[in-house]
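Remember, predicted model here, so these are calculated numbers, not experimental data.
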Amino acid sequence: QLGAFPDQQGADAAWSRLSARFAYLAPLGKSIERGDKNGTAVYRLRVNTGSNGQAREICAKLIAARQSCYIAN
């Protein structure tokens, strides 16, 4: 997961920035899932990875580049 945003537009804008900055993200594609946190809607930006191992590898690259990342189950 690359972040949680108050609206869909924020998640889309973050994807545009991140997929341009980290070219290896773009071919994987994004997933935006609406969720709820303390009664408020949030839009979670996630990367479509093929496996948990691939998710961990990508997250490690992002963290090394000082970009936050979270492995969601």
Item to complete: Only one of Q8, R34, E33 passes side-chain hydrogen bond (donor to acceptor under 3.5 Å, both in side chains) with Y43; say which it is.
Response: R34
Item to complete: Could you grab the distance from atom CD of Q1 to atom SG of C59, nearest 0.5 Å is fine?
Response: 10.0 Å
Response to the item:
d(R44 CZ, S31 OG) to nearest 0.5 Å is 11.0 Å
Discussion item. Just verifying a value: how many Å separate R46 CZ and C69 SG, rounded to the nearest 0.5 Å?
Written reply: 11.0 Å
Worksheet item: Can you tell me how far the CG atom of L25 sits from the NZ atom of K61, to the nearest 0.5 Å?
Response: 9.0 Å
Worksheet item: Is there a chain of hydrophobic side chains (I, L, V, M, F, W, Y, each step under 4.5 Å between heavy atoms) that links Y24 to I71?
Response: no
Fill in: Non-hydrogen side-chain atoms of I32 and W15 separated by less than 4.5 Å
no
Worksheet entry | Close side-chain approach of S16 to D12, heavy-atom, < 4.5 Å | no
Worksheet item: Do L62 and F5 share a hydrophobic cluster, counting only Ile, Leu, Val, Met, Phe, Trp and Tyr and linking them when any side-chain heavy atoms are less than 4.5 Å apart?
Response: yes
Worksheet item: Is the closest side-chain heavy-atom distance between Q67 and F22 below 4.5 Å?
Response: yes
Discussion item. Do V42 and D36 make a side-chain contact, defined as non-hydrogen atoms from C-beta onward lying under 4.5 Å apart?
Written reply: no
Worksheet item: Hey, are the side chains of K30 and L18 touching, using non-hydrogen atoms and a 4.5 Å cut-off?
Response: no
Item to complete: Taking all non-hydrogen atoms of both residues into account, name the closest pair between L45 and A11 and its distance.
Response: CD2-O, 3.7 Å
